[in-house]
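Here's the structure we're looking at; comments come further down.
Just the heavy atoms: all of them, side chains too, but no hydrogens, waters or symmetry mates, feed the values below. Both ligands and their constituent atoms are indexed starting at 1 by order of listing.
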Amino acid sequence: MLYWANPYQQYISKKNKINKKISSVLNKNKYILGNEVLFLEKEFSKFIGSKHTVAVANGTDAIEIVLKSLEIGYGDEVLTVSHTALATVAAIESSGAKPVLVDVDSEYYTIDLNKIKSFFNKKIKAIIAVHIYGQSADIKELQIFCKKKGIHLIEDCSQAHGSSFRKKKLGTFGIASCFSCYPTKNLGAIGDAGLIVTSNKSIAKKCHSIRQYGLYNGRSLIAGRNSRLDEIQAAILRVKLRELKKDNHLRVKVSKYYNTQLRNLPIKLPKVRKNSTHVFHLYVVQVKKRNALLNFMKKNDVILGVHYLIPIHLQPAYKNRLIISDMSITEQISKNSVSLPIYPEIKKHELDKVIKLLKIFYDKK
Ligand SMILES: *Cc1c(COP(=O)(O)O)cnc(C)c1O
C-alpha cells in the first residue's frame, strides 16, 4: 500500500538516532520539562529566526494558548479560513472567542484578503493566517492590514515548517506562530506535539506559564492548564529538526517530478506563490471525477488523501455557530481536491506507479 503520507518510513530512515535518543531519555529520570524540551525550544527558535519557542502538547493547544496569552476570549471574534484543519477553528472555540470564517483565493488556496476587507468588524481581535499545504499565505499584505486595524496577526504554520516568504521564515511575521508536530507533519513527533514561536518576551513568558497551570516562579498568576510536551517527543523532534531542511528539499524534488510528469493531464497542479518557498507538506491537485479516481487508485493499492472533505462551516458541530462569508472556492476545493503521496522517503518507482495510474485513469497513456 502506498499512502499520501507515511510517518513510519520517516522513523525507519532515522531509526538508529531516534532509538538511541529515546533510550538516553529513559535512563535520565527526568521525563517532563527537562533538557530535551529546553534545547528543542532553543534550537527551534534559531531555526525559525525568532527569539522564543514554547513547546506544548499539540498544535491545537498552541493556538488556544496564544489566544489566551493575548487575552482574546469571550465577546471577541477571531477571523480565519474554513479551508483548514478542524484544529484551527476548534482552538478558537475553546478560547471562548467566536470564529469568523472567510473564503480562500482560487490560486493558492489561502485566505482571501478582499473577503477580509468586506467582512471586517470591530469585534475581530485577531486574524489567523493558515499557510496551507506548505506555502505562505499573502502574509506581507496581511501584516499591513492587521497593523492598520490594530489587531493581532497569528500564523498557523502547522503545514509549513521551514517554508519562507521573501527569504524570511514563516512564523516570523505574526505576533506569535503555531506549529503542530503531529506525526505526518514536515517536522513530526512520534505522538502529539506542538510549538509556539514568538519574538515577544512577555507573550513567551505567558505561554510558558499557561502551559503549566499558569505557574510562574511557583505562583499561579494567570489561569492556566496542562499542555506540556514530554521529553521523549522533544528528543525525537530534535533528531528530526537537524534533518528538516534536507527532508523539505526532498519533498520539493518530488513535487517537481510530479509537475513535469503530470503536466499533460486534465488536472490542476499546485502553484507556488511568487517570492515564497513551498515545503510541500501536501501535494494537492484539483481533479475531475474525484470519487471514481479515489476508488480506482485504492483498487491499485494507492491511498490518496482529501484535504478537506468537509469544509469547517459545513461540519455538523460548527454549522450555525460560525459567522461565515460566501464560501464558493472553499466548497469547490472540498469537492475536487486530492493529495498525492509525498514524503521525503518516497521511492522513484512508487512515484512512477502513481503517475502511471493517473495516466491510465485519464486515458493518456
Ligand atoms: C495539523 C494542524 C493543526 C494542529 O493539529 P494538532 O493535531 O492539534 O497537532 C492546526 N492547523 C493546521 C492547519 C494543521 O494542519
Side-chain angles (χ1 to χ4, degrees), residues 4-5 7 10 40 44 53-68 78-95 99 101-102 104 108-111 126-137 139 142 153-163 170-171 173-174 176-197 207 211 225-230 233-234 236-237 240 248 251 278-284 305-313 315 317-318 330 333-334 337 339 342-343:
W4 54 271
Q10 174 119 99
L40 171 67
F44 197 69
T53 295
V54 183
V56 294
N58 56 67
T60 313
D61 280 5
I63 299 171
E64 186 193 328
I65 290 171
V66 162
L67 290 170
K68 281 195 174 147
V78 174
L79 189 145
T80 191
V81 285
S82 183
H83 178 57
T84 180
L86 264 170
T88 315
V89 177
I92 299 171
E93 283 261 326
S94 38
S95 78
L101 305 187
V102 299
V104 292
Y108 308 106
Y109 316 128
T110 54
I111 197 161
I127 292 177
I128 302 181
V130 181
H131 303 303
I132 201 82
Y133 304 153
Q135 82 170 322
S136 179
I139 198 66
L142 285 164
L153 174 62
I154 299 165
E155 292 173 78
D156 184 343
C157 302
S158 297
Q159 303 190 0
H161 313 69
S163 196
L170 300 183
F173 292 87
S177 311
C178 307
F179 295 76
S180 163
C181 298
Y182 183 82
T184 57
K185 303 292 162 96
N186 289 38
L187 178 65
I190 305 186
D192 273 313
L195 299 165
I196 296 165
V197 165
C207 290
R211 168 179 79 180
R225 38 172 307 191
N226 173 2
S227 182
R228 293 175 302 232
L229 180 67
D230 68 72
Q233 295 305 336
I236 293 167
L237 288 172
K240 292 201 183 182
N248 278 343
R251 285 175 183 267
H278 192 322
V279 291
F280 285 96
H281 169 58
L282 297 170
Y283 186 94
V284 179
V306 174
H307 298 89
Y308 295 89
L309 190 60
I310 306 174
I312 294 171
H313 68 282
Q315 292 281 3
Y318 293 105
T330 296
I333 300 167
S334 76
S337 67
S339 308
I342 192 165
Y343 42 91

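- When hydrogens are left out, the protein atom nearest atom 14 (C) of ligand 1 is K185 NZ, 3.1 Å; that is the closest non-hydrogen contact.
- Minimum heavy-atom separation, S339 to V284: OG-CG2, 3.6 Å.
- Heavy atoms from other residues, nucleotides or ligands lying under 6.0 Å from OH of Y108 number more than 12.
- Among all non-hydrogen protein atoms, the one lying nearest atom 7 (O) of ligand 1 is Y182 CD1, 4.0 Å.
- Shown here for H161 and S180, the closest heavy-atom pair between the two residues is NE2-O, 2.8 Å.
- Among all heavy-atom pairs drawn from I333 and Y133, the shortest one is CG2-OH, 4.0 Å.
- Protein heavy atom at the shortest distance from atom 5 (O) of ligand 1 is S180 OG, 3.5 Å.
- For the atom pair CD1 of I63 and OG1 of T80, the computed distance is 8.0 Å after rounding to the nearest 0.5 Å.
- Closest approach of I139 and E155 over heavy atoms only: CD1-CG, 4.0 Å.
- Contacts of H281 classified as ring pair (Phe, Tyr, Trp, His ring centres under 6.0 Å), with partners at least two apart in sequence or in another chain: none.
- Per-residue contacts place T88 under 4.0 angstrom from the following atoms of ligand 1 (heavy atoms of the residue considered): 11 (N).
- Summary of contacts: the protein heavy atom closest to atom 11 (N) of ligand 1 is D156 OD2, 2.7 Å.
- Below 4.0 Å from some heavy atom of A87 lie the following atoms of ligand 1, by number and element: 3 (C), 4 (C), 5 (O), 10 (C).
- Of the N or O atoms in T84, none lie within a sub-3.5 Å distance of an N or O in ligand 1.
- Sequence neighbours left out, the pairs with a member in residues 55-65 that pass salt bridge (charged side-chain N to carboxylate O under 4.0 Å, His left out) are D61-R225, E64-K68, E64-R225.
- Close N/O approach between A85 and ligand 1 is not found [any backbone or side-chain N/O within under 3.5 Å].
- Here V130 has side-chain heavy atoms under 4.0 Å from ligand 1, and that is the only part of it that gets that close.
- Atom 15 (O) of ligand 1 has its nearest heavy-atom neighbour, among Q159, H281, H83, in Q159.
- In terms of protein heavy-atom proximity, atom 8 (O) of ligand 1 is nearest to T60 OG1, 2.4 Å.
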